[in-house]
Amino acid sequence: MQDNDLLASSAMYLHGKVNLELALLMILPGQDQTLRDMLGAHRPGHGLAGAFYTDPDIYALDVAAIFERQWIFAGATCEIPKPGSFITLTIGRSPVIVLRDRGGEVRAFFNTCRHRGFKICDAAKGHTPALICPYHRWTYRLDGTLANAKHMPADFDPAAYSLVPVHTRVVGGTIYICLADEPPDFAPYQDAMVRQLAPHKLETAKVAFEADLVEYGNWKMVMENSRECYHCATGHGELMRTFLDIYDFANPQDSQPIQDYWNKWDAAGYESRISEGPNYRAARLPLTGSSKSITMDGKPAVKRPLGDAPPDAYGSLRWVHYPSTFNHCINDYTVLVRMLPVGPEETLVTTKFLVDAEAVEGVDYDLDTLTKVWTVTNDQDKALVERNQIGVRSSGYRPGPYSPSLEAGIIKFIDWYRTKLGEYLERAH
Ligand code: FES
Ligand SMILES: [Fe+2]
């Protein structure tokens, strides 16, 4: 590759105008090097170039380098309460089934038949005593082993054709999976969230409501939008009735209301402080004024609490884990949000509302009160993401600077993303 070519491609990149396919053609062989150069040319504290939000090649790279290597939030254990209960999801190009086996363990498998690769299970959730591929009826046990394959020769060894397993971890009632052969270290996040989630008792919850929202924006655009409340004042009137914007406080630990709130959780013997690592952050913060829940009027949406919050400690545990989830535990309900990439400019955002398993709809809660704020907020965010995507797709887009205070969460996410992509390219080189 000539220096001039590199300069030209870097200049195109910096101006957000790069056509990656063209750039790759210009410099082949050496695609990895060009992408590394593009990452290296990133201006710290600024948005990514437009190609990172639109280009099919970079999208494929994101799937391979991020979603097929990192721990991905799959769902809640209460969604698969009994042996044979399952949920399915698709991570990039890979359908996965998550189930509870006969021994009660949570397991996950690639949802791909070992015969000719058919997608075995098409339902989003359900219950089954065995996994039967509908194509030629190869039948798998809940531990993934092949139980039955008719019309195969005498020397056929079923033991060699178990479903391909996917790594699984359970964290305080939530399930994470990793498609990589060797998953990254999950222990720091797992340890932190086991402590943070302990009072919320998500194992004793049920899903009261679930909604899928397709956002026509790149997955990073969705994550970025979730990482700042800079837009909350103008974009989220309903949410901001009760939601405390942490960035109102330069140092949360120096805020008396936050200190008082944390002290209540400390006194109850629970984790109260912020937990943070390169790919996650969990913070427990009070709500505004006399609000007791994140609802339109600040009153609890559910009569039965979900978990064990100390008396008069009304707030939310909000946490993010890159690249797939951001969540809120409030004293009466929890909202889990999972985002999965569908295409370069399409992301599936699934929101699940968890309430105590004993709570009865129509008696202890009504769905409209429970879901209103988040349904409105999610719709607002979808509109923001999609309009942002349109602007970034433009040949006139130039990556701008993030606010170091109000958009610190985005800066952290983009740094992590660039690091992970860089590591992948380094390994692939
Ligand atoms: S592809 Fe599954 S049984 Fe043939
Ligand atoms: Fe938002």
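This is a predicted model, so every value here is computed, not measured. Counting starts at 1 for both ligands and their atoms, following the listed order. Along the sequence shown, the residues carry numbers beginning at 1.
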Check your understanding: Can an N, O or S atom be found in Cys229 less than 2.8 Å away from the Fe ion (ligand 2)?
Key ->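 Under 2.8 Å: Cys229 has no N, O or S contact with the Fe ion (ligand 2).
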Exercise for review: Please state whether the separation between the Fe ion (ligand 2) and some N/O/S atom of His231 is under 2.8 Å?
Suggested key: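 Yes.
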Out of all atoms in ligand 1, which are within 4.0 Å of some heavy atom of [X]? Include the element for each.
| X | answer |
| --- | --- |
| Cys133 | 1 (S), 2 (Fe), 3 (S) |
| Cys113 | 1 (S), 2 (Fe), 3 (S) |
| Arg137 | 3 (S) |
| Trp138 | 3 (S) |
| Arg116 | 1 (S) |

**Study point:** Apex the Fe ion (ligand 2) - arms NE2 from His236 and OD2 from Asp381 - angle rounded to 10°
**Key:**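 Angle NE2(His236)-the Fe ion (ligand 2)-OD2(Asp381): 90°, rounded to 10°.
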Would you call [X]-[Y] a salt bridge at under 4.0 Å N-O?
| X | Y | answer |
| --- | --- | --- |
| Asp364 | Arg304 | no |
| Glu271 | Arg284 | no |
| Asp62 | Lys220 | yes |
| Arg227 | Glu224 | no |

Exercise for review: Test side chain to side chain donor-acceptor pair (under 3.5 Å) on Tyr53 and Asn388 and set out the steps.
Suggested key: CA-CA 10 Å; Tyr53 301 100; Asn388 200 168; over 6 Å; no
Practice item. Taking atom 4 (Fe) of ligand 1 as the vertex, measure the angle between atom ND1 in His136 and atom ND1 in His115; round to 10°. Key: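 The ND1/ND1 angle about atom 4 (Fe) of ligand 1 sits at 90°.
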Exercise for review: Find out whether the Lys NZ or Arg CZ of Arg114 is both under 6.0 angstrom from the six-membered ring centre of Trp138 and within 45° of the ring's axis.
Suggested key: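 Geometry flag: not set, cation outside 6.0 Å or 45°.
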Review point. Think Arg338 forms a cation-pi with Phe326, using NZ or CZ under 6.0 Å from the six-ring centre and within 45 degrees of its axis?
Key: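 Output no; distance or angle outside limits.
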